[in-house]
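The next block holds one structure in the form of structure tokens; read it before the comments.
The analysis underlying the following values was restricted to heavy atoms, covering all of them including side chains, and did not include hydrogens, waters or symmetry mates. One-based numbering along the sequence shown.
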Amino acid sequence: MTVLLREAIGDRLRHARTNQRRTLRDISRAARVSLGYLSEVERGQKEASSELLASICEALELPLGELLHKVAADVSAIDNVEVAPVDEKVEAGKRRAPEREKTEAGELEGGRLVSELIGNDLADLRISPPPRMSPALRTTISAPKMVAA
């Protein structure tokens with residue numbers, strides 16, 4: 001899996017800004033960068049120069065070295081991800097039934113779906129337990145009231 005450096009840097013900059021609960025406008029003013037250009041940098045559409053990165057990092061009170069260290073960790077984590085081979089027998093748009101395994105009792109058991117990922121770093125991804133859901137459907141919609149004429 002290949003990741004573009006400008007996308008990894010943009011993700012990290014956006015993460016730092018949103019963790020501080022600051023707006024694009026706030027950072028663009030402090031860094032003296034246009035709002036549109038900063039937005040494109042965060043989305044990985046523009047590759048920022050070292051001077052621009054230094055200015056944005058200063059506005060975020062984030063050392064440039066720390067930003068680059070985190071980006072390097074993210075890129076390394078993505079490079080170490082193994083992609084499962086695609087089963088060519090599965091037609092496009094159709095899903096396979098989940099594979100099942102035999103347990104010691106001879107019963108079939110299926111795997112579980114990953115509900116969400118937790119973590120701020122790509123290197124810190126963890127599987128969380130599935131959310132508890134009620135089997136009953138709750139609704140606040142009631143039938144219209146009939147008025148006698």
Side-chain angles (χ1 to χ4, degrees), residues 1-140:
M1 179 177 227
T2 304
V3 64
L4 294 176
L5 186 58
R6 69 174 185 253
E7 291 174 348
I9 290 171
D11 287 343
R12 272 287 153 193
L13 290 173
R14 175 170 283 162
H15 179 77
R17 178 181 59 78
T18 57
N19 274 352
Q20 295 176 14
R21 290 191 163 89
R22 294 174 69 187
T23 64
L24 272 171
R25 186 173 312 281
D26 178 34
I27 301 302
S28 71
R29 284 180 183 157
R32 294 185 154 177
V33 177
S34 77
L35 181 74
Y37 193 79
L38 179 59
S39 175
E40 288 179 315
V41 168
E42 280 192 359
R43 288 181 281 141
Q45 294 177 340
K46 294 285 183 183
E47 199 148 346
S49 67
S50 58
E51 293 88 1
L52 181 64
L53 279 178
S55 180
I56 295 168
C57 286
E58 187 176 320
L60 288 166
E61 298 175 1
L62 171 69
L64 181 59
E66 185 179 332
L67 170 73
L68 296 175
H69 178 75
K70 288 181 177 183
V71 167
D74 292 347
V75 171
S76 293
I78 290 173
D79 284 344
N80 293 331
V81 172
E82 292 183 25
V83 179
V86 177
D87 187 0
E88 294 180 16
K89 294 179 184 177
V90 178
E91 294 179 31
K94 293 187 179 179
R95 293 184 176 187
R96 284 191 294 178
E99 294 185 22
R100 301 186 181 272
E101 299 176 6
K102 285 265 190 178
T103 62
E104 292 178 12
E107 299 172 3
L108 293 177
E109 183 178 297
R112 68 181 177 92
L113 296 175
V114 176
S115 62
E116 60 184 280
L117 299 173
I118 301 173
N120 293 334
D121 294 336
L122 293 176
D124 282 345
L125 295 180
R126 293 180 207 87
I127 298 175
S128 69
R132 294 182 183 172
M133 295 177 58
S134 170
L137 176 64
R138 295 182 184 187
T139 180
T140 57

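There is no side-chain donor-acceptor pair under 3.5 Å between His15 and Asp11.
Expressed to the nearest 0.5 Å, how far CZ of Arg14 lies from CG of Leu24 amounts to 6.5 Å. If you take CD on Glu47 and CD on Glu7, they are separated by 10.0 Å, rounding to the nearest 0.5 Å. One distance of note links NZ of Lys70 with CG of Leu68; it measures 11.5 Å at 0.5 Å rounding. Put simply, CG on Leu38 and OG on Ser28 are 6.0 Å apart, with the number rounded to the nearest 0.5 Å. With values rounded to the nearest 0.5 angstrom, Leu35 atom CG is found 9.0 Å from Arg29 atom CZ. If you take CD1 on Ile9 and CG on Leu13, they are separated by 7.5 Å, rounding to the nearest 0.5 Å.
Scanning both residues, Ile27 and Leu60, for their nearest heavy atoms gives CD1-CD2, 3.5 Å. The shortest non-hydrogen separation linking Ala16 to Leu62 is CB-CD2, 4.1 Å. Contact between Asp74 and Arg12 at its shortest, heavy atoms only, is OD2-NE, 2.9 Å. Ala30 and Ala59 make their closest contact through CB-CB, 3.6 Å (heavy atoms, listed as atom of the first residue, atom of the second, distance).
Applying the salt bridge (charged side-chain N to carboxylate O under 4.0 Å, His left out) rule to Glu40 yields no partners; only residues at least two apart in sequence or on another chain are considered. Residues meeting the salt bridge (charged side-chain N to carboxylate O under 4.0 Å, His left out) test with Arg22, sequence neighbours left out: Asp26.
Although no hydrogens or angles enter the test, the distance criterion places no donor-acceptor pair under 3.5 Å between the side chain of Ser76 and the main chain of Ala73.
Other residues, nucleotides and ligands contribute at most 12 non-hydrogen atoms within 6.0 Å of the CD atom of Glu58.
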